[in-house]
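Data first, discussion second: the structure below is written as structure tokens.
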Amino acid sequence: MNRKDFLVSIVIPVYNEEQALPKLFPRLLPVIEKYNYELIFVNDGSKDSSDAIIKNIAKSNKRVKLISFQRNFGHQIALSCGYDFAKGDCVITLDADLQDPPEVIDKMIAKWQEGFEIVYGQRLDRQTDSFFKRTTADFFYKFMNYLSDVKIPQHVADFRLLDKKVVEFLRGLKERSRFLRGLVVWPGFKSAIVSYRREKRSAGKTHYSLRKMLSFAFEGIISFSTRPLQLATYLGFISAFLGFIGIIYAVIGKFVFSHYWVTGWTALFVSIMFMGGVQLIAIGIIGEYVGKIYKEVQERPLYLVKEKVNLD
Ligand code: UDP
Ligand code: MG
């Protein structure tokens with residue numbers, strides 16, 4: 001197929017990236033100008049001048065489109081919105097901070113033309129991420145794949161190409177929780193991997209604090225597995241079993257070795273703490289799922305659009 005025969009949508013979520021955006025255009029445009037493209041920026045409630053920078057480019061280039069959110073809704077929601085508006089035969093998502101090198105787009109499109117419906121960008125090494133982020137991320141994906149039926153490829157983030165078919169599947173989803181890394185794997189489309197070296201952030205700081213990373217990880221696990229609920233049951237069995245042994249021990253101690261028996265405050269305290277802990281963990285796990293159900297039944301919109309540029 002000729003390069004201009006199909007439309008490529010590039011979706012870029014943007015949250016306070018005024019320092020990164022001016023560096024993005026000179027590297028991205030030469031790559032995508034070979035194709036018939038549209039460049040969709042989703043401004044996720046930026047408080048800086050990101051909005052103005054994009055609008056300025058959109059004025060002279062009608063292929064550059066902008067959707068601005070009413071407030072910050074989060075990275076995954078911004079990506080979902082991009083998928084809602086993208087008209088391309090394939091849609092590529094990448095970060096605004098040049099951590100995903102735009103040159104890889106050519107390789108992704110080549111794979112797509114071979115017939116793959118999803119092309120994941122896989123990080124060759126994670127030297128640019130901190131040791132902490134690397135190890136926790138590694139652990140998370142192993143744990144996640146152990147817990148759920150959906151197997152997320154390792155070292156894959158949100159830099160990927162999706163065929164129109166996959167995008168339509170995502171658009172049709174009614175669920176509010178958007179753990180896209182799992183959702184794209186779920187239907188079982190034909191996928192390929194393209195590896196790349198993840199670069200350092202071109203400017204500015206990461207928006208993923210430890211708290212955000214943790215809640216992202218929880219979101220992933222809760223949306224794709226109910227195994228933690230089983231875990232709560234197992235914990236209950238284990239603690240009940242330990243309690244039972246304790247009872248037998250106490251009875252024997254009382255009646256058989258009554259001479260040596262001293263009332264054990266420590267044992268009492270430890271068992272109360274243990275039981276209390278187990279119960280709270282179990283309630284917490286159930287609570288996470290109840291919270292998720294609550295959010296789903298509220299049926300609030302996924303995001304609110306404030307303004308659109310070069311889009312109808
Ligand atoms: N982002 C967003 N909304 C947010 C946080 C981040 O749209 O609430 C965007 C951000 O502008 C960037 C991408 O998502 O283009 C990835 O964010 P970041 O680089 O902070 O994450 P990291 O690469 O450190 O995981
Ligand atoms: Mg980044």
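Computed over heavy atoms, backbone and side chain alike; hydrogens, waters and symmetry mates excluded. Whatever order the structure lists ligands and atoms in, that order sets their numbers, starting from 1.
A salt bridge does not link Asp5 to Arg3: none of the charged nitrogens lies less than 4.0 Å from a carboxylate oxygen. A salt bridge links Asp106 with Lys34: at least one charged nitrogen is closer than 4.0 Å to a carboxylate oxygen. Taking a cutoff of 4.0 Å between a charged side-chain nitrogen and a carboxylate oxygen, Glu17 and Arg201 qualify as a salt bridge.
His75 CD2, 3.2 Å is the protein heavy atom nearest to atom 14 (O) of ligand 1. Regarding atom 16 (C) of ligand 1, its nearest protein heavy-atom neighbour is Asp95 OD2, 3.3 Å. The shortest contact between atom 22 (P) of ligand 1 and any protein heavy atom is with Thr206 OG1, 3.7 Å. Taking atom 1 (N) of ligand 1 as the reference point, the nearest protein heavy-atom neighbour is Tyr15 CB, 3.7 Å.
Within ligand 1, the atoms closer than 4.0 Å to a non-hydrogen atom of Gln99 are 19 (O), 22 (P), 23 (O), numbered from 1 in the order shown. The Glu17 neighbourhood of ligand 1 comprises atoms 10 (C), 11 (O), 12 (C), 15 (O), with distances under 4.0 Å to a heavy atom of that residue. Interface of Arg201 with ligand 1, defined as ligand atoms under 4.0 Å from a residue heavy atom, comprises 18 (P), 19 (O), 20 (O). Those atoms of ligand 1 that come under 4.0 Å of a heavy atom in Asn72, given as number and element, are 3 (N), 4 (C), 8 (O). Per-residue contacts place Pro13 under 4.0 angstrom from the following atoms of ligand 1 (heavy atoms of the residue considered): 7 (O), 9 (C), 10 (C), 11 (O), 12 (C), 14 (O), 15 (O). For ligand 1, the atoms sitting less than 4.0 Å from at least one non-hydrogen atom of Val14 are 7 (O), 11 (O), numbered in the order shown with element in parentheses. When each atom of ligand 1 is checked for a heavy atom of Asp97 under 4.0 Å away, the hits are 19 (O), 23 (O). Every atom of ligand 1 is numbered from 1 in the order shown, and the set under 4.0 Å from a heavy atom of Ala96 is 15 (O).
For ligand 1, the polar-atom distance check against Ala78 finds no nitrogen or oxygen pair separated by under 3.5 Å.
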Intermediate values then yes/no, side chain to side chain donor-acceptor pair (under 3.5 Å), Tyr141 and His155: CA-CA 8 Å; Tyr141 285 107; His155 310 296; over 6 Å; no
Intermediate values then yes/no, salt bridge (charged side-chain N to carboxylate O under 4.0 Å, His left out), Asp163 and Lys190: CA-CA 10 Å; Asp163 184 83; Lys190 202 171 149 202; over 6 Å; no
From CA spacing to verdict: salt bridge (charged side-chain N to carboxylate O under 4.0 Å, His left out), Glu103, Arg27: CA-CA 8 Å; Glu103 295 72 24; Arg27 257 187 77 188; 2.8 Å; yes
CA sep, side-chain torsions, deciding dist, call: Ile67, Leu311, side chain to side chain contact (heavy atoms under 4.5 Å, CB included): CA-CA 8 Å; Ile67 303 149; Leu311 274 166; 3.4 Å; yes
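Contact annotation for Asp44 and ligand 1: only side-chain heavy atoms (C-beta onward) come within less than 4.0 Å of the ligand.
In terms of distance to the Mg ion (ligand 2), the nearest N, O or S atom of Asp97 is named OD2.
Ring-centre distance between Phe216 and Phe179: below the 6.0 Å cut-off. Phe41 has its ring centre less than 6.0 Å from the ring centre of Phe25. Separation of the Tyr303 and Phe73 ring centroids does not fall under the 6.0 Å cut-off. Aromatic ring centres of Phe159 and Tyr196: separated by under 6.0 Å.
Arg198 and Gln99 form a side-chain donor-acceptor contact under 3.5 Å, judged by distance and modelled atom types alone.
Ligand 1 lies within reach of Lys133, whose nearest heavy atom is under 4.0 Å from it. At least one heavy atom of Arg198 sits closer than 4.0 Å to an atom of ligand 1.
For the Mg ion (ligand 2), the N/O/S atoms of Gln99 include one lying under 2.8 Å.
For atom 20 (O) of ligand 1, the nearest non-hydrogen atom from the set Met213, Lys205, His207, Lys212 belongs to His207. The closest heavy-atom contact to atom 21 (O) of ligand 1, among the options Tyr208, Phe159, Phe41, comes from Tyr208.
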